Amino acid sequence: MKRTTVLALLLYMASVLIPAFGQSVFVIPVETEIDFSAFHHFRKGLREAGENGADLVVVKLNTFGGALDAADSIRTALMKQRVPTVAYVDVNAASAGALIALACDSVFMAPGASIGSATVVNGAGEPMPGKYQSYMSTMMRATAEHHGRVAEGDSSRWRRNPEIAASMVNPEMSVSLTAQQAVECGYADGIAPDLESVLADLDMAGAEVKYYRSTLADDILGFLSNAAVRALLIMLIIGGIYMEMHTPGLGFAAAVSIVATILYFLPMFVGGGMPAWVLVMFMIGVVLIALEVFVIPGFGICGISGIIAVVVSITGAMVNSDAVTGVDISAIGKALAVVGTGSIFAVIAIWYLTSARGPKWVRRHSELMTELSTAEGFIGVDMGPAKYVGQKALTATEMRPAGKIQIGQTVFDAVSVGPFIGVRKAVKVIKYENAQLYVEPEEYEE
């Protein structure tokens, strides 16, 4: 009898442990503000999960949300995954975090966790206009519908209710759910105190669990992938090129542009998301700009073509870097928005630096702004004699038509605009042009 009981117990343990034997789970934490830095961390996590042959990807969520475009990129990556995905809401999955959770195949929540409140707000925390709310609501609804329907008797129901998902986007009163409420309305599949409990519910107890761990290099590359940082680097690239084209020789502007270029392309080069044509286009742009600076005088077709080639290359690099699978319209739109923002700031920076309000050290080294002073050996036109226009004078020599005139005790070179004039004749100064006084006969009393 005892032997039978022990055998039954062993069979039961085998039925539980054997299915999980050899299986692996990869956990990607999302516990910061969601931005493009978080997206690049997340995408690298998915890549590592594939390299490790993970049978399940768990997204561990504790975030109050962030940028909608970055969250949409993460959502798209999750919806295109062939490996099953699970969202485990450890504490919070608000706003963009709720969108990410909804994109996963299954959702589990810790006791006391909450999810929802996906209203789109600006940097000051104020709700954005209605068109943004409508787009976010549609995105939430479409993500819920992505999970399809399940049979229930003679009918069927949505596995994730699209109405509940859409109602989370409401500036006046957005819906947020507790763990229990989320389970009751079918938004979550269960409540679990920890990740081990989640795996047990999925019949994966005993599976090998690996975590995505970011390194310092990953953090730096993620920072450089941030949309605001990219816009700043684009501003420095374009602004540096323009300033260098108006500055003699290679100097500070060129150094700034080169460093900004390296930092801009570095995350894409390391991540392997940059096609060869981007580098070719960028090099063509650099060559055209170099020709404009060192060979062809002025600013013409080579310089303009070079700047266009550079802008196209940095846009193409971003499109291919941020696209989840292939190139889509959303990736192009995001890239154009970032490049456009950086270009606008570049124009503003150039205007300020080269204006009278800008720092003098910039204008001093600018070819167009340099002051050619007499102290440095430059000869200028003396405008002092212009004050004598309209005054009377005496000829000190004959005017045939050039000669000399005397005004007070000072003698000046002058030219007669009328007939030749003899010595000690009265004249009148009528104009001062090209550093020369011009006179005509005039009665003069000594």
Side-chain angles (χ1 to χ4, degrees), residues 35-37 39-40 66-70 72-73 120-124 126 128-129 131-132 135 223-247 252-268 274 278 281-282 284-286 288-289 292-293 299-323 327 329-359 361-363 365-366 368-369:
D35 53 17
F36 265 100
S37 175
F39 164 62
H40 280 271
L68 178 58
D69 52 356
D72 182 35
S73 296
V120 184
V121 297
N122 57 21
E126 301 172 346
M128 294 287 282
K131 61 181 182 181
Y132 295 96
Y135 181 74
F223 173 76
L224 294 176
S225 300
N226 183 279
V229 176
R230 281 177 169 175
L232 175 62
L233 292 175
I234 291 171
M235 179 191 76
L236 295 176
I237 293 171
I238 297 176
I241 290 174
Y242 179 86
M243 294 297 293
E244 190 59 38
M245 294 178 69
H246 292 80
T247 305
F252 180 73
V256 169
S257 183
I258 291 171
V259 172
T261 299
I262 293 172
L263 294 178
Y264 178 82
F265 284 112
L266 184 61
M268 307 167 199
M274 188 168 58
V278 171
M281 181 68 70
F282 187 82
I284 291 174
V286 171
L288 290 173
I289 292 171
E292 187 73 28
V293 173
F299 182 69
I301 188 66
C302 275
I304 295 174
S305 300
I307 291 178
I308 292 175
V310 168
V311 171
V312 170
S313 67
I314 59 180
T315 305
M318 195 184 310
V319 169
N320 285 274
S321 174
D322 293 343
V327 177
I329 298 300
S330 62
I332 295 174
K334 295 169 190 174
L336 290 176
V338 174
V339 173
T341 302
S343 301
I344 291 172
F345 278 113
V347 172
I348 295 174
I350 292 170
W351 171 82
Y352 171 73
L353 292 174
T354 57
S355 69
R357 300 179 181 179
W361 65 269
V362 174
R363 289 182 287 119
H365 292 86
S366 173
L368 299 182
M369 302 295 174

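Predicted model, so just to flag it, every value in this text is computed and none were measured. Counting from 1, the numbers follow the sequence of the chain as shown.
Contact record, Leu263 with Leu224: O-CD1, 3.7 Å, taken as the closest heavy-atom pair. Taking every heavy atom of both residues into account, Ala346 and Gly239 meet most closely at CB-N, 4.1 Å.
Looking at residues two or more places apart in sequence or on another chain, you find a side-chain contact (heavy atoms from CB on, under 4.5 Å) between Ile284 and Val280, Leu288. In this structure Phe345 satisfies the ring-ring contact (aromatic ring centres under 6.0 Å, His included) test with no other residue, sequence neighbours excluded. Looking at residues two or more places apart in sequence or on another chain, you find a side-chain contact (heavy atoms from CB on, under 4.5 Å) between Val312 and Trp277, Met281, Ile308.
Note that OH of Tyr264 and CG of Leu232 are 12.5 Å apart. Values are rounded to the nearest 0.5 Å. With values rounded to the nearest 0.5 angstrom, Phe265 atom CZ is found 4.5 Å from Ser313 atom OG.
Applying side chain to side chain contact (heavy atoms under 4.5 Å, CB included) to Ser343 and the options Val338, Ile238, Ile314 leaves one that passes, Ile238.
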Quick one: side chains of residues 253-262, donor-acceptor pairs under 3.5 Å with protein atoms, not counting sequence neighbours, listed by atom name and distance.
| unit_1 | atom_1 | unit_2 | atom_2 | d |
| --- | --- | --- | --- | --- |
| Ser257 | OG | Ile237 | O | 3.2 |
| Thr261 | OG1 | Ser257 | O | 2.7 |

